[in-house]
Amino acid sequence: ELDVFKGKLRESEERTKRAEKNCKHLEAKIRQLKQQDVYTQCKRLQSSLAKSTELNSKLVHKIQTLKLELRQEKARRHHAEQTAKMSFSGKHVPLDVMDSMESLETFQ
């Protein structure tokens with residue numbers, strides 16, 4: 001009877017060892033999967049950040065271009081207005097064709 005119990009005890013210990021080994025293997029697999037998931041999320045975030053940065057850069061460039069165009073347009077209009085004022089005030093300032101047309105458009 002004692003031998004039977006010893007046999008059952010050995011069998012139980014072996015099953016426990018196999019189960020513990022299986023547990024350790026599964027825990028290692030879980031860690032690996034979590035690391036892969038974090039890596040995947042990190043890659044997704046990096047990609048998203050790169051796209052956002054690129055878009056932001058394009059928007060900043062577009063804003064700078066529009067500001068420059070606005071300044072140029074203001075300067076062009078100011079020049080046309082000044083030229084028109086001088087030419088209509090009796091002072092003879094030579095006008096080129098574009099200045100003349102802009103002056104006419106300004107005062108119409």
Working to the nearest 0.5 Å, report the span between [atom1] of [X] and [atom2] of [Y].
| X | Y | atom1 | atom2 | result |
| --- | --- | --- | --- | --- |
| Asn56 | Ile63 | CG | CD1 | 8.5 Å |
| Lys34 | Ile30 | NZ | CD1 | 6.5 Å |
| Glu73 | Leu66 | CD | CG | 12.5 Å |
| Lys29 | Leu33 | NZ | CG | 5.0 Å |

* Can you sort out the partners of Lys74 under side-chain contact (heavy atoms from CB on, under 4.5 Å), two or more places apart, ordered by chain and number? =>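 Result, side-chain contact (heavy atoms from CB on, under 4.5 Å) vs Lys74: Leu70.
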
* Contacts of Gln35 that satisfy side-chain contact (heavy atoms from CB on, under 4.5 Å) - sequence neighbours left out ->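 Listed in chain order: nothing, the list is empty.
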
All N/O donor-acceptor pairs, side-chain side in residues 36-54, below 3.5 Å, sequence neighbours left out:
unit_1 : atom_1 : unit_2 : atom_2 : d
Asp37  : OD2    : Gln41  : NE2    : 3.3
Thr40  : OG1    : Gln36  : O      : 2.8
Ser52  : OG     : Ser48  : O      : 3.1
Thr53  : OG1    : Leu49  : O      : 2.8
Glu54  : OE2    : Lys58  : NZ     : 3.3

* Could you identify which residues cluster with Leu68, counting Ile, Leu, Val, Met, Phe, Trp and Tyr as linked when any side-chain heavy atoms lie under 4.5 Å apart, either directly or through a chain of such contacts? => none

* Asked: What pairs of residues pass the side-chain hydrogen bond (donor to acceptor under 3.5 Å, both in side chains) test when at least one of them lies in residues 11-25, not counting sequence neighbours?
  -> Ser12-Arg15

* **Heavy-atom side-chain proximity of Arg76 to His79 below 4.5 angstrom** => no

* Asked: Does the salt bridge (Lys or Arg N to Asp or Glu O under 4.0 Å) test come out yes or no for Glu81 and Arg77, once each step is laid out?
  -> CA-CA 6 Å; Glu81 288 172 5; Arg77 285 185 182 195; over 6 Å; no

